[in-house]
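Some notes on the structure that comes next.
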2 protein chains.
Amino acid sequence: MSVLEETDLRVSLMKVTRRLRAEKSDTELTDSQMSVLAVLDRSGPLTPRALADFERVQPPSMTRTLASLDARGLVDREPDPADGRQIIVRITPSGAAAVTATRRQRDAWLARRLADLDPEERAVLARASQILRRIADS
Amino acid sequence: MSVLEETDLRVSLMKVTRRLRAEKSDTELTDSQMSVLAVLDRSGPLTPRALADFERVQPPSMTRTLASLDARGLVDREPDPADGRQIIVRITPSGAAAVTATRRQRDAWLARRLADLDPEERAVLARASQILRRIADS
DNA sequence: GGGGAATAGTTAGCACGGCTAAGCAGTTCG
DNA sequence: CGAACTGCTTAGCCGTGCTAACTATTCCCC
């Protein structure tokens, strides 16, 4: 078995991610917008601070992303009745629909590439996906 | 065996790449600047057009990135003696040093994570690296 | 050889999303 | 009560993606 070189893996990761990132269309949400919506869709209502921490972003950056999502009606922002400093961000039905639509569009490029692989290679990527997730969260 | 979902793989890739990107050296090179320098370091002098195509970016974006690298003395831009329309971009010794420094730092972060894996997991990532490279180049 | 088409690079201007600094409102606690 | 802390926002800088439009040069075909 080949030796795993950090540089090789890193370059592969960045290259394929750059390709993925390039696969956008006009109607599509940006990376950060999509990512925030996906978190809200999966985890339920959160505060801006919690979202910023999760995305490893500073609070002002999250404010801007949320303002943009709010303006498009994809999220709601309501004051927290229990703590006047906090805001509760909630995904709207329209936002949830956008998550689904955008995800589908985004996955299309990758799905086409995966379709060209043989089952064993797909299995490798499935396992790698889990391992990389663990690394990213560490 | 788990099913490979495009979304899972895509999110894993983007998450870990985001973490990697955060590991920049003190020289404060951005991802795109670093990427261009790395290409020049590996492939030798290139034209802006060639760099733009390689990075899958429009020429004006590359112009700006190159201007910034030029201003920092990390690349040189000289007219092509053979074709008056073209420019030849060349990495400087200082630019090559920046590549090495950043690469070392990013590899270090990843190397620490890989060290926590067992050999079988590392083998999976080694194979995935090759598969992803092929996908990125497709 | 001359003239239009194509190519290379740039400039201008917009959008977006990182960041820090600073400010305001609300909460906590000595 | 008042000072310190927390949560969010605003203001403003920067990098980098884009398109449109411009200049300069080269190519190619009549």
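None of these values were measured; they are calculated from a predicted model. Residue numbers start from 1 in every chain, and the chains themselves are labelled A, B, ... in the order their sequence lines are given, proteins ahead of strands.
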Can you give me the N/O atom pairs linking the protein to nucleotides 19-22 of chain D at distances under 3.5 Å, or say none if there are none?
none

Nucleotides 1-8 of chain C: which of its N/O atoms have a protein N/O under 3.5 Å away?
from, atom 1, to, atom 2, distance (Å)
dT7(C), O2, R85(B), NH1, 3.4

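Between T63(B) and dT10(C) there is a side-chain polar atom (N or O) within less than 4.0 angstrom of OP1 or OP2. The phosphate of dG18(C) (OP1 or OP2) has a side-chain N or O of S32(A) nearer than 4.0 angstrom. Within the structure, a side-chain polar atom (N or O) of Q33(A) is placed less than 4.0 Å from OP1 or OP2 of dG17(C).
Applying the side-chain contact (heavy atoms from CB on, under 4.5 Å) criterion to D118(A), with sequence neighbours excluded, gives E120(A), E121(A). Taking R77(A) as the reference, D70(A) meet the salt bridge (charged side-chain N to carboxylate O under 4.0 Å, His left out) condition, with sequence neighbours excluded. Considering only residues two or more places apart in sequence or on other chains, E78(B) meets the side chain to side chain donor-acceptor pair (under 3.5 Å) condition with R90(B).
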Donor-acceptor pairs under 3.5 angstrom involving side-chain atoms of residues 34-47 of chain B: please list them, not counting sequence neighbours.
from, atom 1, to, atom 2, distance (Å)
S35(B), OG, R18(A), NH1, 3.1
S35(B), OG, E55(B), OE1, 2.9
S35(B), OG, E55(B), OE2, 3.1
D41(B), OD2, R103(B), NH2, 3.4
S43(B), OG, V39(B), O, 3.4
T47(B), OG1, A50(B), N, 3.1

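Computed from coordinates, the L66(A) CG to dT9(D) P distance equals 7 Å when rounded to whole Å. Note: CG (L29(A)) to C1' (dC16(C)) measures 13 Å, nearest angstrom. Regarding E78(B), its CD atom lies at a distance of 14 Å from the P atom of dG9(C), rounded to whole Å. Between M34(A) atom CE and dG17(C) atom P the separation is 14 Å, expressed in whole Å. Distance, R72(B) CZ to dC14(D) P: 11 Å, rounded to whole Å. Counting to the nearest Å, the P atom of dG15(D) and the CG atom of L69(B) are 11 Å from each other.
Atom CZ of R112(B) sits in a crowded spot, with more than 12 heavy atoms from other residues, nucleotides or ligands closer than 6.0 Å.
A residue-by-residue look at A50(B) and G84(A) shows that A50(B) has its nearest nucleotide of DNA chain C further toward the 5' end.
Between the side chains of Q33(A) and T30(A), at least one donor N or O lies within less than 3.5 Å of an accepting N or O.
Under a 3.5 Å cut-off, the side chain of T100(A) and the backbone N or O of A96(A) do form a donor-acceptor pair. Put simply, the side chain of S61(A) never gets that close to the backbone of V57(A): no donor and acceptor are under 3.5 Å apart. Formation of a donor-acceptor pair under 3.5 Å by the T102(B) side chain with backbone atoms of A98(B) is found in this model.
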